[in-house]
Amino acid sequence: LALALRDLHITSHSSMGKNQEHLLLTVEDQSGTAQRVIWWQGAGWPLPEGPIDLAVSMRATSYKGQRELQVVWLDARPVPQAPEVAGEFQTRAYAPQILDHRQELQPDQILIRLRQEQPGLQIWCEAACAGEVRQLLERTLNRRELTPGQPLLIWTSPPGPDVLRQVLDRVRPPLVVLFHNDPGMDDPAAFLERLAGLVKRAISTQDGMVELEALCSATAQRTAAVRLGLKWLQARGYFTVISLQNDRVQLKAAGPQPPAERQADLAKISLRLKSLLEESAAYRRHYAAASLQSLARL
């Protein structure tokens with residue numbers, strides 16, 4: 001049974017376990033009530049900053065004859081930001097022109113025409129869609145490569161409103177052109193296969209060093225899904241984490257037999273990952289049909 005704890009702050013953390021592979025954290029709510037939480041295999045993973053919502057499970061344990069309740073970290077997400085009121089939005093003085101081509105039957109032809117008509121138009125395209133678009137045009141960009149202040153064409157449907165908001169806040173394009181193309185990365189098998197290939201390539205060609213945001217762009221997913229995907233692959237013994245610095249993770253190939261405790265986590269990780277990918281799929285469907293007024297609130 002998973003429970004949700006809302007609006008918490010991490011006040012302290014320390015490593016534990018034979019190989020210091022687990023984390024013991026203290027979280028505190030707005031009233032000052034503190035709770036210890038165990039994050040199995042959490043050492044080496046980045047801790048979220050700011051207020052978080054935390055998914056946990058609970059079980060009774062016995063230590064030196066004393067019964068106690070153990071709270072186990074499952075997943076976390078940043079507390080959603082409150083929507084901006086109209087006055088706050090107006091002070092930004094940002095009102096881009098929007099062209100809506102999400103329902104076009106021949107989007108490729110419109111794409112070529114817009115590329116010719118709009119100098120400096122940058123095309124945001126990720127994961128599987130990139131291959132077919134690059135057959136038409138010389139260059140497409142992922143979310144990490146977009147240049148601020150330039151017109152923006154959104155070819156791949158975003159995985160969530162947070163990703164779309166981050167891109168628009170960073171780029172602030174004078175023109176936004178909307179298309180709807182599903183990258184096909186919301187199926188767990190397809191997502192994990194692509195993520196495993198990216199990790200394998202990083203280990204063989206980049207000394208195992210890879211940026212989380214690069215993996216998000218290459219899979220057209222949110223950070224939470226990529227982190228869970230990496231946990232799943234690690235539990236299966238695909239790799240182990242050597243170090244983590246900010247957004248950069250260094251991995252190395254693991255042995256053929258993953259630890260038993262990691263295998264036991266697979267079912268929990270799989271369930272949470274499936275839920276996150278279903279959220280992305282639902283948002284892409286919403287994005288395809290939502291009114292411009294709804295999207296403009298971002």
Side-chain angles (χ1 to χ4, degrees), residues 1-61 63 66 68-83 159-163 165-166 169 210-216 221-235 239-251 259 261-262 264-273 275-277 279-280:
L1 177 65
L3 301 176
L5 306 179
R6 306 290 186 183
D7 203 5
L8 306 176
H9 282 83
I10 298 173
T11 58
S12 66
H13 67 277
S14 59
S15 300
M16 58 178 287
K18 182 178 179 181
N19 299 311
Q20 300 295 295
E21 68 272 33
H22 311 305
L23 284 181
L24 180 63
L25 308 100
T26 301
V27 297
E28 191 173 291
D29 65 14
Q30 295 299 308
S31 68
T33 302
Q35 174 64 52
R36 290 195 309 171
V37 180
I38 295 176
W39 185 358
W40 300 118
Q41 304 299 325
W45 292 96
L47 292 176
E49 299 179 358
I52 60 171
D53 292 333
L54 184 61
V56 300
S57 64
M58 299 185 183
R59 64 179 179 180
T61 61
Y63 179 69
Q66 297 294 321
E68 62 179 23
L69 183 66
Q70 187 179 82
V71 182
V72 179
W73 176 300
L74 298 179
D75 196 16
R77 69 176 185 184
V79 171
Q81 297 295 314
D162 52 336
V163 176
R165 178 189 291 274
Q166 289 164 8
D169 280 349
V210 64
E211 295 183 2
L212 289 178
E213 192 176 8
L215 296 176
C216 293
Q221 279 297 345
R222 295 173 292 168
T223 304
V226 168
R227 285 179 176 168
L228 271 181
L230 290 175
K231 283 186 180 181
W232 190 94
L233 294 172
Q234 182 174 225
F239 62 85
T240 57
V241 176
I242 299 177
S243 65
L244 189 147
Q245 297 178 350
N246 298 324
D247 187 47
R248 293 175 65 83
V249 185
Q250 188 170 19
L251 315 167
E261 64 269 20
R262 291 185 183 176
D265 287 339
L266 273 175
K268 295 178 182 178
I269 297 172
S270 297
L271 221 82
R272 180 57 183 150
L273 178 60
S275 175
L276 282 177
L277 295 179
E279 288 178 11
S280 292

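Here the CD1 atom belonging to Ile38 is positioned 3.5 Å from the CD atom belonging to Gln70, to the nearest 0.5 angstrom. One finds the CG atom of Asp7 at 7.0 Å from the CG atom of Asp53 (value rounded to the nearest 0.5 Å). The CG atom of Leu212 sits 10.5 Å away from atom CZ of Arg248, with the distance rounded to the nearest 0.5 Å. The distance from the CG atom of Leu273 to the CG atom of Leu266 is 11.0 Å, given to the nearest 0.5 Å.
In plain terms, the two heavy atoms of Ile52 and Ala76 that are nearest each other are CD1-CB, 4.2 Å. Scanning both residues, Arg59 and Trp40, for their nearest heavy atoms gives NH2-CZ2, 3.9 Å. Summarising the geometry of Leu251 relative to Val210, their closest heavy-atom pair is CD1-CG1, 4.3 Å, with the distance given to 0.1 Å. Gln20 and Ser15 make their closest contact through OE1-CB, 3.2 Å (heavy atoms, listed as atom of the first residue, atom of the second, distance). Heavy-atom minimum distance, Thr223 versus Cys216: CA-SG, 3.5 Å.
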| request: Carefully, step by step, assess Gln221 and Leu277 under the rule side chain to side chain contact (heavy atoms under 4.5 Å, CB included). | output: CA-CA 8 Å; Gln221 279 297 345; Leu277 295 179; 3.4 Å; yes
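Contacts of Thr26 classified as side-chain hydrogen bond (donor to acceptor under 3.5 Å, both in side chains), with partners at least two apart in sequence or in another chain: Ser12. By the side-chain contact (heavy atoms from CB on, under 4.5 Å) test, Gln166 pairs with Asp162, sequence neighbours left out. Qualifying side-chain contact (heavy atoms from CB on, under 4.5 Å) partners for Ser275, counting only residues two or more places apart in sequence or in other chains: Arg272, Glu279. Leu25 pairs by the side-chain contact (heavy atoms from CB on, under 4.5 Å) definition with Ile10, His13, Leu23, Trp39, Leu47, Trp73, not counting sequence neighbours. With sequence neighbours excluded, no residue forms a side-chain hydrogen bond (donor to acceptor under 3.5 Å, both in side chains) with Gln35. Looking at residues two or more places apart in sequence or on another chain, you find a side-chain hydrogen bond (donor to acceptor under 3.5 Å, both in side chains) between Ser270 and Trp232. When the side-chain contact (heavy atoms from CB on, under 4.5 Å) test is applied to Ala224, the partners found at least two apart in sequence or on another chain are Leu276.
For residues 29-45, there are no salt bridge (charged side-chain N to carboxylate O under 4.0 Å, His left out) pairs, not counting sequence neighbours.
Applying the side chain to side chain contact (heavy atoms under 4.5 Å, CB included) test between Ile269 and each of Leu230, Leu233, Leu228 identifies Leu228 as the sole match.
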